[in-house]
Amino acid sequence: MALTPRDALAARLRAGGSVFAEDEADLLLAAGDGDPTRLRGLLRRRLAGEPLEYVLGWAAFDGHRVRVTPGVFVPRARTRIVVVEAARRLHRYDRVVDLCCGAGAIGMALLERIGALDLVAADIDPDATEVAAENLGDRGIVVTGDLFAPLPTRLRGQVDVLTVNAPYVPTDAIGSMPTEARDHEHRVALDGGADGLDVHRRIAAGAAEWLRPGGAVVIEVSGVQAPVSAGLFRAAGFVVELARDDEVDGTCVVATLPA
């Protein structure tokens, strides 16, 4: 019996090492949109090891599609914990800053959950902010620069929630990451320094200047690093708690500026 096009595609993907060959086949067929030439091109890229999200041009995150382009950090499911904890602390029209925003996934998710926000997203990678601007459109402002440096001065002391998915992979551990991350995503989105927390230190030192009294930082971290990251914010005068979502293997530090 001849294989269906979907089964034949899944077989090629499986032979190429795909663990979820059938699911990927469905996505590639949809992206091919009935054009055999386009489908062959997509398959060729995937079999060459390019991340599926780059091949498709989007990543799934918190129930919606986030546009991504090669090199830009691909949103991970575990970052949902940041969205959940930030959303608990927000109301419509609140001021939100999303540092290390990547493709803008956290901001997009918060807009969907909360509605209109005074949202500014920032990243040091211009490729990331270009995509984030596409994803957020006129619902937020996107700026390029190093952490707090490019933020509008009007936000100083006024931010309700500061969300962060800063790079937190220790430099020496990058080589052991999956090839789809280490070989395709920009290193600036991954490398957190010797212990992975260099950027956390800088954010803990500078966040209070931008938050309103009672405002909070919600920052992703690994479970192993969480106690150290929490200690950084506690030492900077914040009231700190940890949040965990076992379903997506997500952990974050929630650091609140005393009122």
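Numbering starts at 1 and runs along the sequence shown.
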Handout entry: Check against side-chain contact (heavy atoms from CB on, under 4.5 Å), Glu185 and Val74
Key = CA-CA 8 Å; Glu185 293 176 328; Val74 175; 3.4 Å; yes

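- Leu9 and Phe20 end up in different hydrophobic clusters when Ile, Leu, Val, Met, Phe, Trp and Tyr side chains are linked at under 4.5 Å.
- The heavy-atom pair separating Pro150 from Thr144 by the smallest distance is CB-O, 3.5 Å.
- Counting heavy atoms from C-beta on, the side chains of Arg78 and Asp245 never come closer than 4.5 Å.
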Exercise for the section: Tell me, with the steps shown, if Val120 and Arg95 meet side-chain contact (heavy atoms from CB on, under 4.5 Å). Expected result: CA-CA 8 Å; Val120 176; Arg95 296 179 179 90; over 6 Å; no

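- Checked by atom type and distance alone, the side chain of Ser229 never pairs as donor or acceptor with a backbone atom of Ala226 at under 3.5 Å.
- Interatomic distance, Arg14 CZ to Glu22 CD, rounded to the nearest 0.5 Å: 4.5 Å.
- Contact detail for Leu162 and Ala207: the closest heavy-atom pair is CD2-CB, 3.9 Å.
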Practice task
I would like to know whether Arg212 and Asp94 meet salt bridge (charged side-chain N to carboxylate O under 4.0 Å, His left out); could you show each step before the answer?
Solution key: CA-CA 11 Å; Arg212 65 164 174 80; Asp94 276 356; 5.7 Å; no

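- The side-chain heavy atoms of Glu209 and Phe148, taken from C-beta on, include no pair separated by under 4.5 Å.
- For Asp98 and Thr163, the side-chain atoms include at least one donor-acceptor pair closer than 3.5 Å.
- Closest approach of Pro51 and His184 over heavy atoms only: CD-CG, 3.5 Å.
- Val240 and Val218 fall into different hydrophobic clusters, where Ile, Leu, Val, Met, Phe, Trp and Tyr side chains are chained together by heavy-atom contacts under 4.5 Å.
- Arg139 has its side chain out of reach of Leu119: every pair of non-hydrogen atoms, C-beta onward, lies at least 4.5 Å apart.
- A distance of 10.0 Å separates CD in Glu130 from CG in Asp125, rounded to the nearest 0.5 Å.
- A cation-pi arrangement, defined by a distance under 6.0 Å to the six-membered ring centre and an angle within 45 degrees of its axis, is absent between Arg67 and Trp58.
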Handout entry: Criterion side-chain contact (heavy atoms from CB on, under 4.5 Å) on Thr256 and Phe238, from CA distance to verdict
Key = CA-CA 5 Å; Thr256 303; Phe238 289 85; 5.7 Å; no

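- Of all the heavy atoms in Cys100 and Val164, the pair that sits closest is SG-CG1, 4.3 Å.
- The side-chain contact (heavy atoms from CB on, under 4.5 Å) check on Asp191 picks up Thr171, Ile174, Arg187, with sequence neighbours excluded.
- Under the 4.5 Å side-chain contact rule for hydrophobic residues, Ile219 and Ile81 do not share a cluster.
- Counting heavy atoms from C-beta outward, Trp210 and Val217 have side chains that stay 4.5 Å or more apart.
- His200 and Phe233 have perpendicular rings, their planes meeting at more than 60° on a 0 to 90° scale where under 30° would count as parallel.
- Classification of Glu247 and Arg80 as a salt-bridged pair holds, one side-chain N sitting under 4.0 Å from a carboxylate O.
- Using a 4.5 Å cut-off between side-chain heavy atoms of Ile, Leu, Val, Met, Phe, Trp and Tyr, with links allowed through other members, Val82 and Val66 fall into the same hydrophobic cluster.
- Under a 3.5 Å cut-off, the side chain of Arg89 and the backbone N or O of Glu85 do form a donor-acceptor pair.
- Ion pairing of Arg76 with Asp249 is absent here, as no side-chain N (NZ or NE/NH1/NH2) approaches a carboxylate O to less than 4.0 Å.
- Summarising the local packing, CZ of Arg44 is surrounded by 12 or fewer heavy atoms from other residues, nucleotides or ligands at distances under 6.0 Å.
- Contact record, Ala122 with Leu147: CB-O, 4.3 Å, taken as the closest heavy-atom pair.
- In this structure, the side chains of Val254 and Arg88 stay at 4.5 Å or more apart for every pair of heavy atoms.
- The shortest non-hydrogen separation linking Val199 to Ala166 is CG1-CB, 3.6 Å.
- Here Asp127 contributes atom CG and His186 contributes atom NE2; the two are 5.0 Å apart, rounded to the nearest 0.5 Å.
- Following chains of ILVMFWY side-chain contacts shorter than 4.5 Å, one can reach Leu42 starting from Leu13, so the two form part of one hydrophobic cluster.
- Checking side-chain atoms of Asn165 against main-chain N and O of Glu220 turns up no donor-acceptor pair under 3.5 Å.
- Proximity of Pro170 to Gln225: side-chain heavy atoms (C-beta onward) are separated by under 4.5 Å at one or more points.
- Side-chain contact check for Val96 versus Asp118: every heavy-atom pair is 4.5 Å or farther apart.
- In this structure, Leu99 CG and Ile124 CD1 are separated by 11.5 Å, a value rounded to the nearest 0.5 Å.
- Side-chain contact between Leu111 and Leu136 is present, with heavy atoms from C-beta onward closer than 4.5 Å.
- Rounding to the nearest 0.5 angstrom, the gap separating the OG1 atom in Thr129 from the CD1 atom in Ile141 is 13.5 Å.
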Practice task
Go through the steps for Val83 and Phe61 under the test side-chain contact (heavy atoms from CB on, under 4.5 Å), then give the verdict.
Solution key: CA-CA 10 Å; Val83 175; Phe61 181 73; 3.8 Å; yes

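- The residues Arg45 and Glu24 are annotated as not salt-bridged, no charged nitrogen and carboxylate oxygen being separated by less than 4.0 angstrom.
- In this structure, Arg38 CZ and Leu28 CG are separated by 10.0 Å, a value rounded to the nearest 0.5 Å.
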